[in-house]
Amino acid sequence: MYTKLSIRNARRSMMDYLIYFVTLVISISLFYAFLSVSSSHYQIITLAEYNFEQLYTYLRYGTYLVSAVLIFLVYQVNKYMIKRRKREFATYVLLGMEQTRVAFLFFIETLVVLSVSMVIGILCGTLFSQVLTSLILAALQSDITLQLRLYPDTMLQTVLFFLLIFIIIGLLNVRQLRKLKLIDMLNDDKKTEIQFTRGKWFYLTVAAVSMACFAAAAAFIKRYLNIQPLASVDVSVKNQTLFLFILFLIAGVYGLFFSLGYLLVLVKQKSVHWKYKKTNIFLIGSLLSKISTTSFMLATITLTLLGAIVSFVFGPVASQWAKGYLEYRSVYDIQINNVYNSIAEINDLPVIHYQKVKDYIADSGFGIKESAEFELKFVNEQDFFKRRRGEFPVLAVSLSDLNQLRTMAGYEEIALGENEFTTQWDQTVPESGIRTALKHMSALSIGDSSYHLSSEPFYKESLGESIFNFYTDYLIVIPDAASETLITATTNFYANTSREMSYEFAEGLSAYAEQWFRDEYAALYAKYENDPEFKDFIVVRTGTEQMNNATIASLLINIIGLYLGTILLIICLTLLALQQLSDSLEHKKRYMILQKLGVDYESISRLVFKQIGIYFGIPLFTGFFSFIVLLYLFSLGNVNEIRAFVGSGVFVMNLMVALFLVVVIYTAYFFTTYISFKRNLLRD
C-alpha cells in the first residue's frame, strides 16, 4: 500500500520534480559517458603510439571525484522538497501514519524518480559516450568510428554510485523527518528569517572584512601565478598559497552576501519613496522573508557558478596550452641531454659519444632519418661554478651545431660574418624583452678575440626547451673556431626516426640509455653515485612519450573541465530554480491577496520577473566579476605563454564561446523557472 502511495505521489508531483528530474538525467548520462571510456569493454582506441592507461585511470577517479559533488545537489533538492511538502506530511501524521512511515514514503518516492532517471540517463549516456569518443579521436587525428554500445561494468558502477548517494541522503531524510514536530510542519511556511539584531556597525564591519578578504585573495592568486612556473619553489608553498586564496575567496563571498542582506533592510527603512512605488514593498518583503537562507544560498551558488565558468573557460585553454607546449617542447623525435650541475670538479666533465645509442635506435626497426651530436660550451671557465638560481650562465653553441638543429627542425641555416655572434632565444620571450637584453650585449670576448653582434641579432624559432641551460632563455651562437677553444658543458644527441616509434620502444629507450651510460662511464658513476642529483645526469625525451603525455593531459583537462563545468552549472541553476519554485508555492497566498487588491496580471508578471531576476542576476554578476579579476591576473602572469602556446586569437575565442554557452544555459533556466513560477501561481 505504501509503495503504491509513493508511486502515485511521485507521478502526481512530476511537475515539481521536473527540473530536478532533467538535472538528474543529465548528471547520470554524463557520468555514464565519461566512465564508459575507462570500461574494460571499451576498445575503440588502439594506436601503438599511445598508452591510454593513465588517461583511463585518471578519468575514472576524476569522474567519481567530480560526481561526488552531486551529493550536495541531491541533499539540497530533498531538503527543499521536504520543506515544500511539510504540510502534506503533517496531514499524513494527523491521519495516524507514523513519521517513520512518512519518511519511508518520501524515500520510495525519490527512489522512483531515480529509477526512471537512471534508465533514461544511461540510454542518453550511450550517445554522450560517442560524442566523447569523437572528441578523443579528433584530438588524435584518427578516423572517427562510432559504435552505440552498452557497457555492463559501467552500467553497474553508475547504478551503484547513484544508489549509494540516494541511500545516504535517504537515511538523512528519515532522521530529519523523525525529529520534526507536527506543529513545526504545519507552520513552517509562516516563518520568517529576519535576524538582524546586532546593529548596523556589525554588518558594516562584516562588509569591510569581506572586501579585505577579496583583496587578500587577489594577492594570493597573483603570488600563486607568479611562483607556479618556478621549479625551485617547494610544492607545499604553492599548495599553501592556493589554499589561502580559496579560503579568503570563500570568506569574502559569504561575508559579502551576509552584509548585503542587511543593506536590503536599510533600503526598506530609508528609501521610503522607492519602497512604496508600485509593488516594490511586496518584492522587498518576499526577499526579506527568507533573507538568512537566501544569503547563504546565493553565496554558495556564486562560488559554484564561478567554479563552472573557470572550468568551462580554462579547460579548453589549458588543453590548447598543452598542445602548443608539445609543439614547442617536442621538436625532435629523440632528445638525449646531460646536465653538469651535479659534477663537482670541472675535470670530471665527460666527453660523451652516443654511437652505441645511435646503433641501438637504428637496429630497432624504426631507423634514424637524421641526427646530430652537439656541444654546449661555457663562455668563461668560471661559469662552471655558478650554480645558484639567477646565476646559471648562458651557454654558447657553435654555428655548425646550431645549423644542424635548425635543419632537423625544418628551418633554414643561418650565417655569421667574421668576428660576429648572434643569439638563439626561447620562443616564449617577447621581442621587446629580447631587444632590451641585447642592448647590453653589443660585444663578446672569448679568449683574446672580440666579437660583435650580428646584423641579425637574434633568432627565436622553436628548437625545444631542453637546449637552454637552467633558468636561462637563450644561447650565444659563435663561429666554430671560437667554439673549439671553450670548455664543453654538455654533450647532447638529437635524432629524428625514419618510422614513428611505438610507445613501448620509446618507454624502454630511457632505461637503455641510462644503463649504457652507467656501463660506459663506470668511473664517473662510482664517484658520484651517492649524489641524488646525479641520477638525472642523463635525461631522455622522446617525441612519442611527450606526445602521449601531452595528449593525455590535454584530453584529461578538456574532458574533466567540461564535465566539472557542466555539473557545477546545473547544480547552481537547479538550486536557484527549485528555491524559486518553492517560494512560488509558499507565497501563493500573498500573490492572491495582491490580485484581490486590484493588481493586474501583467504587474504580477513583472514582479515575478524582478524577483527571479534578482536571484539569478546577483550570482551571475558577482561570479562574472570575480572571474574577470581572475582572468586579468592569469593573463597578466602568463601573457607570453598564452601568445606562444595558445595564441591570443584562440584564447579569446575559447573565452567567448565558453561564456556564451554559460549565458545561454543560464538564460534558459531563468525563463524556465519564470514560466514554472507563474504556472504555480495560477494552479489551484
Side-chain angles (χ1 to χ4, degrees), residues 331-332 335-341 343 345-355 370-387 390-409 411-427 429 431 433-494:
V331 180
Y332 310 98
Q335 301 175 70
I336 303 179
N337 302 85
N338 70 283
V339 294
Y340 68 89
N341 63 312
I343 303 296
E345 300 178 17
I346 195 169
N347 293 329
D348 290 337
L349 287 172
V351 178
I352 304 175
H353 300 287
Y354 291 92
Q355 187 59 45
E370 51 192 353
S371 65
E373 290 186 34
F374 64 97
E375 298 175 341
L376 300 179
K377 305 291 188 79
F378 294 113
V379 176
N380 300 294
E381 184 174 338
Q382 59 269 28
D383 288 344
F384 171 78
F385 302 99
K386 297 177 180 179
R387 306 291 176 86
E391 294 182 358
F392 274 88
V394 175
L395 300 178
V397 63
S398 68
L399 177 63
S400 59
D401 282 349
L402 182 71
N403 279 331
Q404 271 191 292
L405 297 177
R406 289 180 61 86
T407 301
M408 289 175 59
Y411 307 123
E412 294 182 356
E413 293 187 357
I414 65 174
L416 287 176
E418 187 176 356
N419 295 329
E420 285 187 342
F421 75 95
T422 187
T423 54
Q424 172 69 46
W425 287 78
D426 189 291
Q427 185 183 9
V429 182
E431 282 197 21
I434 295 175
R435 296 190 184 279
T436 300
L438 290 179
K439 290 180 181 180
H440 308 287
M441 294 176 55
S442 58
L444 177 68
S445 295
I446 299 178
D448 297 330
S449 302
S450 296
Y451 298 85
H452 61 272
L453 195 59
S454 171
S455 57
E456 292 290 339
F458 67 90
Y459 299 87
K460 56 178 301 184
E461 293 87 351
S462 179
L463 299 179
E465 65 173 354
S466 60
I467 196 174
F468 305 106
N469 197 11
F470 295 106
Y471 308 110
T472 64
D473 44 24
Y474 71 97
L475 292 174
I476 298 173
V477 185
I478 58 178
D480 291 4
S483 174
E484 293 174 359
T485 64
L486 300 179
I487 296 175
T488 300
T490 64
T491 306
N492 311 293
F493 172 75
Y494 288 3

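One-based numbering along the sequence shown.
Between the Glu456 side chain and the Leu416 main chain, no donor and acceptor come within less than 3.5 Å of each other. For Asp480 (side chain) and Leu399 (main-chain N/O), a donor-acceptor pair under 3.5 Å exists by modelled atom type. At least one donor-acceptor pair under 3.5 Å links the side chain of Asn338 to the backbone N or O of Thr491. Using a distance-only test at 3.5 Å, with no hydrogens or angles considered, a donor-acceptor pair links the side chain of Thr422 to the main chain of Pro457. Put simply, the side chain of Tyr474 never gets that close to the backbone of Lys460: no donor and acceptor are under 3.5 Å apart. No side-chain donor-acceptor contact under 3.5 Å links Asp473 to the backbone of Trp425. Counting only distance, with no hydrogens or angles, the side chain of Tyr494 and the backbone of Gln404 share no donor-acceptor pair below 3.5 Å.
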Starting from the C-alpha separation in whole Å, work towards a yes-or-no answer on side chain to side chain contact (heavy atoms under 4.5 Å, CB included) for Asn492 and Gln335.
CA-CA 8 Å; Asn492 311 293; Gln335 301 175 70; over 6 Å; no

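In terms of heavy-atom proximity, Glu461 sits nearest to Tyr459 at OE1-CB, 3.5 Å. Closest of all the heavy-atom pairs between His452 and Glu418 is CE1-O, 3.8 Å. For the residue pair Ile346 and Glu381, the shortest heavy atom distance occurs at CD1-CG, 3.8 Å. In terms of heavy-atom proximity, Glu420 sits nearest to Ser455 at OE2-N, 4.5 Å.
Residues Leu486 and Ile478 are in side-chain contact: their nearest non-hydrogen atoms beyond the backbone lie under 4.5 Å apart. Side-chain contact check for Ile446 versus Thr485: some heavy-atom pair is nearer than 4.5 Å. Using a 4.5 Å cut-off on side-chain heavy atoms (C-beta onward), Tyr354 and Ser371 make no contact. The closest side-chain heavy-atom distance from Thr488 to Leu349 is not below 4.5 Å. Residues Leu475 and Leu395 are in side-chain contact: their nearest non-hydrogen atoms beyond the backbone lie under 4.5 Å apart. Counting heavy atoms from C-beta outward, Arg435 and Phe458 have side chains that approach closer than 4.5 Å. Within the 4.5 Å cutoff, the side chain of Pro393 has no heavy atoms near those of the Val379 side chain. Using a 4.5 Å heavy-atom threshold, the side chains of Phe468 and Asp426 count as touching.
For Gln382, the CD atom is densely surrounded, since the number of other residues' heavy atoms within 6.0 Å is greater than 12. In Glu412, the CD atom is not crowded: 12 or fewer heavy atoms of neighbouring residues, nucleotides or ligands sit closer than 6.0 Å.
Separation of atoms NZ (Lys377) and CG (Asp401) is listed at 8.0 Å; rounding is to 0.5 Å. Note that the OG1 atom of Thr490 and the CD1 atom of Ile336 stand 13.0 Å from one another [nearest 0.5 Å]. Annotation: the span from Ser398 atom OG to Ile476 atom CD1 amounts to 13.5 Å, rounded to 0.5 Å. Note that the CD atom of Glu370 and the CG atom of Leu405 stand 10.5 Å from one another [nearest 0.5 Å]. Here the straight-line distance linking atom CD of Gln424 with atom CG of Leu463 works out to 4.5 Å at 0.5 Å rounding. If you take CZ on Phe421 and OG on Ser483, they are separated by 15.0 Å, rounding to the nearest 0.5 Å.
Ring to ring, Phe378 and Tyr340 are close: their centroids are under 6.0 angstrom apart.
When only modelled atom types and interatomic distance are considered, Ser466 and Tyr332 share no side-chain donor-acceptor pair under 3.5 Å.
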